[in-house]
Amino acid sequence: MSVQVINTNLMVSDICQHQGKLVGDGKWVVSYLPGRILSTESAYGALRTAEQLVNIRGCAASLGLTLLEIAGMAAAECTWPPPPKEGFATRVLSRAGVLR
């Protein structure tokens with residue numbers, strides 16, 4: 001795992017530059033979520049999410065897209081019809097070589 005807690009009051013990542021800081025009573029703030037007070041688990045999740053975005057940015061770049069472009073496209077509902085459900089008869093006929 002790449003998110004680490006240093007001196008019990010700082011969360012850092014070796015993949016991204018975002019950080020989490022303990023503000024007292026088990027509550028954390030994260031650099032890219034100003035104004036939000038988080039639990040330890042939520043702060044950890046926020047940093048892991050930021051790390052995933054670094055990975056997605058690399059995938060987007062390989063397609064000639066930006067992070068925001070690929071996120072918007074992938075978040076849109078699929079307009080293709082769902083694949084047909086294969087019933088028992090179709091499976092049997094297909095395996096028998098009748099359907100191809």
Side-chain angles (χ1 to χ4, degrees):
M1 300 266 188
S2 53
V3 175
Q4 302 169 19
V5 177
I6 300 174
N7 295 329
T8 71
N9 63 356
L10 179 66
M11 269 189 216
V12 297
S13 166
D14 58 0
I15 295 175
C16 70
Q17 294 183 357
H18 288 293
Q19 304 173 24
K21 292 184 180 179
L22 184 66
V23 292
D25 197 30
K27 304 299 180 191
W28 293 79
V29 294
V30 172
S31 57
Y32 75 92
L33 297 172
R36 291 186 183 238
I37 306 297
L38 305 171
S39 68
T40 302
E41 295 80 19
S42 294
Y44 177 82
L47 289 180
R48 292 287 294 143
T49 300
E51 291 179 336
Q52 292 301 315
L53 289 175
V54 170
N55 295 329
I56 294 169
R57 180 176 284 123
C59 294
S62 72
L63 298 169
L65 299 169
T66 67
L67 174 64
L68 292 178
E69 288 170 330
I70 202 164
M73 292 173 178
E77 286 194 33
C78 181
T79 57
W80 293 2
K85 295 196 190 278
E86 187 177 303
F88 176 75
T90 304
R91 283 194 308 270
V92 169
L93 294 173
S94 179
R95 289 183 187 148
V98 177
L99 296 178
R100 294 278 172 189

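Model, not experiment: these values are computed from the prediction. Just the heavy atoms: all of them, side chains too, but no hydrogens, waters or symmetry mates, feed the values below.
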message = Quick one, Arg36 with Val30, criterion side chain to side chain contact (heavy atoms under 4.5 Å, CB included). Give me CA distance, side-chain angles, the key distance, then yes/no.
response = CA-CA 8 Å; Arg36 291 186 183 238; Val30 172; over 6 Å; no

message = Assess the residue pair Leu38 and Val29 against the criterion (side chain to side chain contact (heavy atoms under 4.5 Å, CB included)); give the C-alpha distance rounded to whole Å, side-chain angles, the decisive distance to 0.1 Å, and a yes or no.
response = CA-CA 6 Å; Leu38 305 171; Val29 294; over 6 Å; no

query = Yes or no on side chain to side chain contact (heavy atoms under 4.5 Å, CB included) for Met11 and Thr40, after CA distance, side-chain angles and deciding distance?
reply = CA-CA 9 Å; Met11 269 189 216; Thr40 302; 3.9 Å; yes

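Nearest heavy atoms, Ala60 versus Leu67: CB-N, 4.2 Å. The shortest heavy-atom contact between Glu51 and Ser13 is OE2-OG, 2.5 Å. The nearest pair of heavy atoms linking Ser2 to Asp14 is CB-OD1, 2.5 Å. Scanning all heavy atoms of the two residues, the minimum distance from Gly64 to Glu69 falls at O-OE1, 4.4 Å. Shown here for Thr49 and Tyr32, the closest heavy-atom pair between the two residues is CB-OH, 3.9 Å.
Distance check, rounded to the nearest 0.5 Å: CD of Gln17 to CG of Leu47 gives 12.5 Å. Residue Asn55 holds its CG atom at 10.0 Å from SG of Cys16, rounded to the nearest 0.5 Å. Distance check: Ser31 OG to His18 NE2 gives 5.0 Å after rounding to the nearest 0.5 Å.
Hydrophobic clustering (ILVMFWY, side-chain heavy atoms < 4.5 Å, transitive): Leu33 and Leu22 are in one cluster. A continuous path of hydrophobic side-chain contacts links Leu63 to Leu53 [ILVMFWY only; heavy atoms under 4.5 Å]. Grouping the Ile, Leu, Val, Met, Phe, Trp and Tyr side chains by contacts below 4.5 angstrom, directly or via other members, places Val3 apart from Ile15. Linking ILVMFWY side-chain heavy atoms closer than 4.5 Å, directly or via other members, places Ile56 and Met73 in a single hydrophobic cluster.
Side-chain atoms of Trp28 and Val5, non-hydrogen and from C-beta on, do get closer than 4.5 Å to each other.
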